[in-house]
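Structure record follows, encoded as C-alpha cells.
When reading the values below, keep in mind they use all heavy atoms of this one structure, side chains included, and skip hydrogens, waters and symmetry mates. The shown structure was predicted, so the numbers you read here are calculated from the model rather than taken from an experiment. Quick note: residue numbers are just sequence positions, from 1.
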Amino acid sequence: VQLQASGGGLVQTGGSLVLSCARSGRLPRTMGWFRQAPGKEREFVTAIRTGYTYYTDSVKGRFTIPRDNAKNTVMMQMNNLKPEDTAVYYCAASDSVILSALRGANSYHYWGQGTLVTVSS
C-alpha cells in the first residue's frame, strides 16, 4: 500500500481546505488522517473503518470524510479552520486495527508523506 497526500496550503481562519489521500495497492481495512503540529506529538484526526467514520473531538462538526470518495482516494473536507489546526497532515492506513486502538498512530502500517496546512489568524 502506498499513500500520497495532497491539498494542504495557507488559509485564513474560518476558511476551508480539502485534503486528498491517493492510495495504490490493495485496499486496507482502515484509512485515517493524523496531524502533527510543531513541537507536538502526532495526533489522531479521523479514520474510516468498515463504513464507519470516527473523529477526534476538536474537529467534530468541522471536518468530514465525504461518502462519495473514489475507491482509491480518501478525502477530508476541513471547514471553519482555526489557527490550532495548523499542522502537517498525514494520511495513514492499516490492514488490521481494533476499534479501541483506532486513534493510536502505532496501529497504522502505512503512511503518506504529509501535507502542510497553515491557518492564519
Side-chain angles (χ1 to χ4, degrees):
V1 177
Q2 292 184 326
L3 305 173
Q4 180 76 30
S6 62
L10 174 64
V11 64
Q12 292 184 333
T13 297
S16 298
L17 281 175
V18 177
L19 302 186
S20 295
C21 179
R23 174 193 57 81
S24 60
R26 66 182 182 277
L27 181 65
R29 182 180 177 89
T30 301
M31 290 194 68
W33 288 93
F34 285 74
R35 65 186 179 186
Q36 188 166 16
K40 294 187 177 181
E41 294 186 353
R42 192 169 298 189
E43 67 169 351
F44 171 82
V45 178
T46 181
I48 183 165
R49 173 181 180 272
T50 60
Y52 292 92
T53 310
Y54 305 86
Y55 300 93
T56 192
D57 287 346
S58 63
V59 307
K60 283 180 181 177
R62 301 187 299 122
F63 292 12
T64 58
I65 293 182
R67 290 184 176 274
D68 58 349
N69 278 312
K71 190 174 182 179
N72 62 345
T73 301
V74 174
M75 300 172 65
M76 180 169 65
Q77 173 74 47
M78 304 188 298
N79 297 326
N80 191 21
L81 283 161
K82 304 175 180 181
E84 52 263 41
D85 294 319
T86 295
V88 177
Y89 284 72
Y90 299 89
C91 61
S94 176
D95 293 324
S96 60
V97 54
I98 59 175
L99 189 57
S100 60
L102 191 70
R103 291 167 169 76
N106 290 336
S107 299
Y108 292 78
H109 308 102
Y110 312 101
W111 292 85
Q113 84 287 3
T115 184
L116 176 63
V117 172
T118 303
V119 184
S120 63
S121 57

Looking at D85 and K82, is any side-chain nitrogen of the basic one under 4.0 Å from a carboxylate oxygen of the acidic one? no
Please report the closest heavy-atom contact between A22 and T73, naming both atoms and the distance. CA-OG1, 4.4 Å
Would you indicate whether the side-chain heavy atoms of R26 and D95 approach each other to under 4.5 Å? yes
With rounding to the nearest 0.5 angstrom, report the CZ to SG distance, R23 to C91. 11.0 Å
Side chain to side chain contact (heavy atoms under 4.5 Å, CB included) between I65 and T46, worked out: CA-CA 8 Å; I65 293 182; T46 181; 3.6 Å; yes
Rounded distance (nearest 0.5 Å) linking atom OG of S58 with atom CZ of F63: 7.5 Å
Would you mind writing out the side-chain donor-acceptor pairs for residues 113-121 within the sub-3.5 Å range, not counting sequence neighbours?
unit_1 : atom_1 : unit_2 : atom_2 : d
Q113   : OE1    : A5     : N      : 3.2
Q113   : NE2    : A5     : O      : 2.8
T115   : OG1    : G8     : N      : 3.0

Measuring from atom CG of L19 to atom OH of Y89, what distance do you get when rounded to the nearest 0.5 angstrom? 7.5 Å
For L81 and Q12: C-alpha separation, side-chain torsions, deciding distance, then whether side chain to side chain contact (heavy atoms under 4.5 Å, CB included) applies. CA-CA 8 Å; L81 283 161; Q12 292 184 333; over 6 Å; no
Kindly compute the distance separating CZ (R62) from CG (N79), expressed to the nearest 0.5 Å. 9.0 Å
Would you indicate whether the side-chain heavy atoms of M76 and V18 approach each other to under 4.5 Å? no
Test item: S94 side-chain N/O and S107 main-chain N/O as donor-acceptor pair under 3.5 Å: yes
Are V74 and M78 linked, directly or through other ILVMFWY residues, by side chains that come within less than 4.5 angstrom of each other? yes
If you draw a 6.0 Å radius around CD in E84, do more than 12 non-hydrogen atoms from other residues or ligands fall strictly inside? yes
Heavy-atom pair with the smallest gap, counting every atom of S16 and N80: OG-N, 4.3 Å
If you group Ile, Leu, Val, Met, Phe, Trp and Tyr by side-chain heavy-atom gaps below 4.5 Å, do Y52 and L99 land in one group? yes
Identify, with sequence neighbours excluded, every residue that meets ring pair (Phe, Tyr, Trp, His ring centres under 6.0 Å) alongside F44. F34
Any chance you could measure Q4, atom CD, to N72, atom CG, to the nearest 0.5 Å? 12.5 Å
Side chain to side chain donor-acceptor pair (under 3.5 Å) with K60: which of T64, D57, T56? D57
When you group the ILVMFWY residues by side-chain heavy-atom contacts below 4.5 Å and let the links chain together, are I48 and V45 in the same group? yes
Give a yes or no on whether Y110 and Y90 share a hydrophobic cluster (residues Ile, Leu, Val, Met, Phe, Trp, Tyr; joining criterion: side-chain heavy atoms under 4.5 Å apart). no
Rounded distance (nearest 0.5 Å) linking atom CH2 of W111 with atom SG of C21: 10.5 Å
Can you get from W33 to M31 by hopping between Ile, Leu, Val, Met, Phe, Trp and Tyr side chains that sit under 4.5 Å apart? yes
Check whether Y54 forms a cation-pi arrangement with R49 (NZ or CZ under 6.0 Å from the six-membered ring centre, at most 45° off the ring normal). no
Assess whether side chain to side chain contact (heavy atoms under 4.5 Å, CB included) is satisfied between V59 and R35, documenting all intermediate values. CA-CA 12 Å; V59 307; R35 65 186 179 186; 4.0 Å; yes
